[in-house]
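Okay, so here's the structure we're looking at.
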Amino acid sequence: MSTTVRAAAKINLHLGVGRAREDGFHALDTVYQAISLYDDVTVSDAAVDSVSVTGAAYVDLAGVPTDGSNIALRALAEAACSGSHLVHLVKSIPVAGGMAGGSADAAAALLAHDRLHGLDQPDDVLLAQAARLGSDVPFSLVGGTARGRGRGELVEPIADSGSWWWVVVPSDVGLSTPEVYRHFDRLFPHAPERPAEPGELLTALASGEPVRLARALHNDLQAPAIDLRPELGALIERGETAGALRGIVSGSGPTCVFLCDSRDGAMEVLAELSEVHDVVLTATGPVAGAHVLA
Ligand code: ATP
């Protein structure tokens, strides 16, 4: 018996970061969007716990642990499941790319385990388990477009009238999220306690107009990510010159995403950026949160 769940990558349309809290976490006010890049997670009963991983050629599969530190296995421990499981990951979400690939796998494993054993736990139970695993895991369950507060784990769906086209440029080498936050602290020691609110972004999402959304995109981690990886700044300029309405670093990076005005616009930007980058993808958003495939 096995169950397969699909979970999407996230980007942050708004990422307001406050000063580090006493517990070391940063207060966030963020707007997540799930986009059409997916990991598929199959959970099966097995004699011992194990993880196997395959995936797209551009995914750094060697960077995914296959021991108990894999967040998908940790998710099963959090779910307090009895018995042992094989967790098989088919990854299309870049590793350490600022797209919450591990969080997607954790959310998918929680849901797959729940359905495999016919537990049908209520959403609030799964969301609480998800929040204990990581700040982005609850959003991976919910999907769509949603605001995240606290350290990002308090998720509330928001109105989104658009069907947005994105060009996604993963990097060959990942960037550690804690490292980017540490650099944020160095660059902005006097960051406000309360993170910047999305404001205009919420109106832009409701309008469905790409030009308005482009103007309202905001990421407080972009400056530290570009300071650590100056080539990301050049990439963003290049994408915007190629016709993207706006390019931003996705979350803590190093993946960069480019908002385009249409499918055709995205294809043009993809063609231009493909001249200088081996891996350039397109995606649409918003898409659904973690859901059962089979
Ligand atoms: P976020 O956007 O949530 O900060 P990320 O997308 O930048 O995360 P992940 O792909 O989630 O980063 O991986 C971060 C690290 O977590 C990896 O470098 C890897 O060591 C570890 N890891 C544990 N489990 C997984 C998993 N299932 N998939 C990918 N990485 C995992």
Side-chain angles (χ1 to χ4, degrees), residues 5-13 15 17 25-26 28 30-35 37-43 49-56 58-78 85-113 130-131 133-142 148 151-153 155 168-184 219-222 224-225 228-229 232 248-257 283 290:
V5 169
R6 170 164 284 187
K10 65 83 186 159
I11 57 178
N12 299 80
L13 308 179
L15 183 47
V17 181
F25 285 105
H26 291 75
L28 299 186
T30 187
V31 175
Y32 299 104
Q33 184 169 90
I35 65 166
L37 261 185
Y38 303 102
D39 283 359
D40 290 343
V41 177
T42 301
V43 176
D49 282 333
S50 64
V51 181
S52 58
V53 190
T54 60
Y58 60 82
V59 176
D60 171 26
L61 298 176
V64 180
T66 52
D67 60 10
S69 70
N70 192 295
I71 190 166
L73 262 195
R74 290 201 283 117
L76 298 191
E78 183 60 51
H85 298 87
L86 165 64
V87 179
H88 181 61
L89 309 175
V90 181
K91 290 190 70 76
S92 298
I93 306 176
V95 175
M99 304 194 88
S103 301
D105 298 348
L110 280 178
L111 185 63
H113 167 264
L133 285 160
S135 306
D136 295 340
V137 184
F139 174 71
S140 298
L141 281 174
V142 170
R151 49 183 174 80
E153 85 284 16
V155 175
V168 178
V169 185
S171 177
D172 294 346
V173 185
L175 190 52
S176 143
T177 302
E179 189 187 343
V180 177
Y181 274 104
R182 278 196 296 275
H183 201 49
F184 173 88
N219 182 0
D220 280 338
L221 293 183
Q222 179 154 314
L228 292 168
R229 291 280 183 84
L232 300 181
I248 52 166
V249 169
S250 171
S252 56
T255 305
C256 290
V257 293

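Ligands are counted one by one from 1 in listed order, and the atoms in each one are counted from 1 as well.
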Any heavy atom of Asp136 under 4.0 Å from ligand 1? The part involved is side chain

Notebook entry, point to check: Parallel, tilted or perpendicular: which describes the rings of Tyr32 and Phe139, with under 30° parallel and over 60° perpendicular?
Noted result: parallel

Asp39 and Leu89, any side-chain heavy atoms less than 4.5 Å apart: no

Atom 30 (N) of ligand 1 sits nearest the protein heavy atom Val95 CG1, 4.1 Å

Rounding to 0.5 Å, atoms CD1 (Ile11) and CE (Met99) come to a distance of 6.5 Å

Numbered in order shown, the ligand 1 atoms found under 4.0 Å of a heavy atom of Gly97 are 5 (P), 6 (O), 7 (O)

(message) So Leu221 and Val249, do their side chains get closer than 4.5 Å, heavy atoms only?
(response) no

Ligand 1 atoms nearer than 4.0 angstrom to some heavy atom of Leu89 are 27 (N)

Are Thr255 and Ser250 linked by a side-chain donor-acceptor pair shorter than 3.5 Å? no

Min over Ala100, Ser103, Pro65 of heavy-atom distance to atom 23 (C) of ligand 1 lands on Pro65

Contacts of Tyr38 meeting ring pair (Phe, Tyr, Trp, His ring centres under 6.0 Å) (sequence neighbours excluded), chain-then-number -> none

So for Asn70 against ligand 1, with non-hydrogen atoms under 4.0 Å, the contacting part is both

Atoms of ligand 1 under 4.0 Å from any heavy atom of Asp105, numbered from 1 in the order shown, are 26 (C), 27 (N), 28 (N)

Within 4.0 Å of some non-hydrogen atom of Lys10, the atoms of ligand 1 are 2 (O)

Ligand 1 atoms nearer than 4.0 angstrom to some heavy atom of Gly63 are 19 (C), 20 (O)

If we number the atoms of ligand 1 from 1 as shown, the ones under 4.0 Å from a heavy atom of Ile71 are 23 (C), 24 (N), 25 (C), 27 (N)

The atoms of ligand 1 lying under 4.0 Å from a heavy atom of Pro94, numbered in the order shown, are 10 (O)

Among non-hydrogen protein atoms, atom 29 (C) of ligand 1 lies closest to Lys91 NZ, 3.7 Å

Check: of Ser176, Ala96, Gly55, min heavy-atom distance to atom 14 (C) of ligand 1 comes from Ala96

Ligand 1 atoms nearer than 4.0 angstrom to some heavy atom of Gly102 are 9 (P), 10 (O), 11 (O), 26 (C), 28 (N)

Looking only at protein heavy atoms, what sits closest to atom 5 (P) of ligand 1 is Gly98 N, 3.5 Å

